[in-house]
There are 2 protein chains.
Amino acid sequence: MKASTDQVLKQSRVQRLEQTPTSELPRPSRNARGESPCAACPVRDMNVCGALTDTDLATMNAISTDKTFERDQTLIWEGEAAGEFFIVSEGVAKVFKLLPDGRRQITGFLYPSDIVGLASNERYAYTAQALTPMRVCRFPRSKVLELFDEMPVLCRKVCCVASNELAAAQDQMVLLGRKNAAERLASFLLLLLRRKHLRGEEGQAIDTPMTRAEIADHLGLTTETVSRTVTQFRKLGHIELDGPHHILVRDEPALADLAAFDDPDGLPHTASF
Amino acid sequence: MKASTDQVLKQSRVQRLEQTPTSELPRPSRNARGESPCAACPVRDMNVCGALTDTDLATMNAISTDKTFERDQTLIWEGEAAGEFFIVSEGVAKVFKLLPDGRRQITGFLYPSDIVGLASNERYAYTAQALTPMRVCRFPRSKVLELFDEMPVLCRKVCCVASNELAAAQDQMVLLGRKNAAERLASFLLLLLRRKHLRGEEGQAIDTPMTRAEIADHLGLTTETVSRTVTQFRKLGHIELDGPHHILVRDEPALADLAAFDDPDGLPHTASF
DNA sequence: CGGGGGATTGATGGGAATCAAGCGGCGTGG
DNA sequence: CCACGCCGCTTGATTCCCATCAATCCCCCG
């Protein structure tokens, strides 16, 4: 029980107070609050099917603003009024929910072209924090909803995204409900590797900006178990380590075997609305 | 490990062969394959925001057919070509994914007005089987996608549904990743109770058409643990049993305490696109 | 050099899985 | 009508995987 660090909770609460969007990444023409028109927001790269026209992109860009976050800064807070969507341009974020006693479940990690703020009602259903320095495109929720009417293709895209996330969530449920520690870690590493390849990057090296504790909170384990299982994989020759945040996959088939993916090619999914 | 019954797998494989839509529920004007125009399909009741006009409903009805399933019959198979959506009119279904060795994770249970076939690519991402006799509305996927263009509100509805399901999936991840057996069962019972109330039904009695094994496969536990925990709740006076499939919630606050819902009112969510 | 946070490794314990036995309702068939 | 057998549920005994507790290491940074 009581698996995750209370200090996450405390740390978060503190940050909530000093949540000022200080940004460091060099960026032209930014206003006092670190915002600028979203010059090159990657709407067109959203990991969904279909394509938006240039006109559509221009319309999207017109309502979006660029924003940057430092490591550990919070993009959105669970429970707060859901006023904005984000699309990740650069960097990695974690998305999580907390139980009242501080236990944490990280429901996913967000990479460029992923969307933040979807599964939300009037209020955000989860918290999202930067794992690395990030740049995101920000869209006022109200304006996006207006756009749905005049740009139906946008709604279809959101359908696709939500549908894909749903499929991923279901895979994660299988992982959390029915896999053991080794299978969980193997699944996770393979997923990171395949997402990297989907982004067009080559090689068997994955860098994991997340800490062992964050991996643990994603896989329903503890830091110690994650660490032990990583060591075990290393000794078996499945992986090689270059510091705790750089993992080289040496024996992908062995991991795939362990991961027990239904689909031999594994995830992720791509919907087709 | 190896938590779920292999016989589920075997049983399923067998059924796959004799999948004939025999239907028993009385229903007018049905063709040879047990189909009939979906006279009263509950599109308007889809558990989503917004409302369709009468014209929209007529259009939807025009492309839908009514279909019935017996207990244990399969609506859709994971991996098969995804040609149809369904909306549940009557009855309850389970939705699950299998690991190669037969372990099963039930990702959810479907009640009237829930949608089947959403989180799918060209192929269904999961299997859905009837827990009780069911009646569903069936929509050809291709026609629905066409309708998206001429009836944008439909796409928004699907967005809502997907978004709600995503939120529910994230709650389930918290449950599977970070809650113990008692907390899982309490969460589950409360969810059933609250969904019942959302459907407009009164009272603290929930009937659970699912077996202990199915509950276990939904909560990431075993039948034995589910049974033990139910007994424990009964002895504590939190619930009362009238046969294994009728549970009376006596002390809802106690269960809510155990469940560790973030939101005191608990789930489910309703999105607002 | 000292301090701190994350990672690793070891020792121990506990909660749920596993193994096993018995109960009880229901449908079938004699 | 009743006996049998099956299946699902319950309960008990034991095992085991992972959480917990604890110590040490490592690396970065002041």
Side-chain angles (χ1 to χ4, degrees), chain A residues 1-8 10-11 14 71-72 94 99 101-105 131-132 175-185 207-235 239 241-247 258, chain B residues 1-8 10-11 71-72 94 101-105 131 175-186 207-235 239 241-247 258:
Chain A
M1 232 20 36
K2 202 67 168 60
S4 54
T5 49
D6 298 53
Q7 93 204 45
V8 170
K10 291 181 206 143
Q11 172 203 345
V14 169
R71 151 113 207 166
D72 286 335
K94 64 187 173 203
L99 290 178
D101 63 358
R103 279 176 284 172
R104 178 178 66 169
Q105 179 65 37
L131 282 183
T132 68
L175 182 149
L176 293 171
R178 288 297 175 223
K179 290 185 181 178
N180 65 23
E183 291 168 335
R184 293 181 196 201
L185 185 68
D207 51 356
T208 57
M210 57 292 282
T211 64
R212 295 286 185 265
E214 286 161 341
I215 296 174
D217 279 347
H218 181 50
L219 301 182
L221 301 170
T222 59
T223 27
E224 293 94 330
T225 299
V226 170
S227 185
R228 271 186 254 272
T229 311
V230 167
T231 303
Q232 178 192 332
F233 283 1
R234 189 172 49 71
K235 288 181 178 168
I239 60 173
L241 291 186
D242 177 24
H245 298 286
H246 294 275
I247 300 178
L258 268 172
Chain B
M1 227 31 28
K2 203 66 169 55
S4 54
T5 50
D6 297 53
Q7 91 203 48
V8 170
K10 291 180 208 145
Q11 171 201 347
R71 150 111 207 170
D72 286 335
K94 64 186 174 206
D101 64 359
R103 279 175 284 172
R104 178 178 67 169
Q105 179 65 36
L131 282 184
L175 181 149
L176 292 171
R178 288 298 176 223
K179 290 185 181 178
N180 65 22
E183 292 168 334
R184 292 181 196 201
L185 185 66
D207 52 356
T208 56
M210 57 291 282
T211 65
R212 295 287 185 266
E214 285 162 342
I215 296 174
D217 280 347
H218 181 49
L219 301 181
L221 301 170
T222 59
T223 24
E224 293 94 330
T225 299
V226 170
S227 184
R228 272 186 254 272
T229 311
V230 167
T231 302
Q232 181 192 328
F233 283 2
R234 188 172 49 71
K235 288 182 177 167
I239 61 174
L241 290 187
D242 176 25
H245 297 287
H246 294 274
I247 299 177
L258 268 173

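The figures here come from the full heavy-atom set of this structure, side chains too, leaving out hydrogens, waters and symmetry mates. In what follows, chains are A, B, ... by sequence order, proteins preceding strands, each numbered from 1.
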Using whole Å, report how far CG of B:Asn180 lies from C1' of D:dA19. 13 Å
Return no unless some side-chain N or O of B:Thr223 is found under 4.0 Å from OP1 or OP2 of D:dC9. no
Once you round it to whole Å, what is the distance between P of C:dG15 and NZ of B:Lys179? 18 Å
note: A:Leu221, atom CG; C:dA7, atom C1'; distance rounded to Å ~ 16 Å
Given DNA chain D, 5'-ward residue of the pair A:Glu224 and A:Ala181, judged by closest heavy atom: A:Ala181
Between the side-chain atoms of A:Arg212 and the base atoms of C:dG5, is any donor-acceptor pair under 3.5 Å? no
D:dT10 phosphate, OP1 or OP2: any side-chain N/O from B:Thr231 under 4.0 angstrom? no
B:Ser227 side chain, from C-beta outward: closest of C:dT9, D:dT11, C:dA7: D:dT11
Determine the minimum heavy-atom distance between B:Arg184 and B:Leu176, stating which atoms define it. NH2-O, 3.1 Å
Tell me: CG of A:Leu131 to C1' of C:dG6, nearest whole Å? 15 Å
Please check if the side chain of A:Arg178 supplies one atom and the backbone of B:Arg103 the other of a donor-acceptor pair under 3.5 Å. no
Between B:His245 and D:dC9, is there a contact of a side-chain N or O with OP1 or OP2 at under 4.0 Å? yes
Check the pair A:Leu99, B:Lys179 against side-chain contact (heavy atoms from CB on, under 4.5 Å), reporting the backbone distance first and the verdict last. CA-CA 9 Å; A:Leu99 290 178; B:Lys179 290 185 181 178; 3.9 Å; yes
A:Ile239 CD1 to C:dA7 P: how many Å, rounded? 14 Å
Using a distance-only criterion (donor-acceptor N/O pair, under 3.5 Å, no hydrogens), is the base of C:dG15 paired with the side chain of B:Arg228? no
Please give, in whole Å, the distance from C:dT8 P to A:Leu185 CG? 11 Å
Let's go through B:His246 and B:Asp207 carefully: what are the C-alpha distance in whole Å and the side-chain angles of both, what is the deciding distance for side-chain contact (heavy atoms from CB on, under 4.5 Å) to 0.1 Å, and is it a yes or a no? CA-CA 4 Å; B:His246 294 274; B:Asp207 52 356; 3.6 Å; yes
Under 4.0 angstrom between A:Thr225 side-chain N/O and D:dA19 OP1 or OP2: yes
Nearest whole angstrom, please: distance from the P of C:dG25 to the CG of B:Leu241. 14 Å
Round to a whole Å and report the spacing from CG of B:Leu219 to C1' of C:dA17. 15 Å
Could you give the distance from NZ (B:Lys94) to CG (B:Asp72), rounded to the nearest 0.5 Å? 5.5 Å
Please work out if B:Thr211 contacts a base, only the sugar-phosphate, or nothing of the nucleic acid, heavy-atom cut-off 4.0 Å. sugar-phosphate
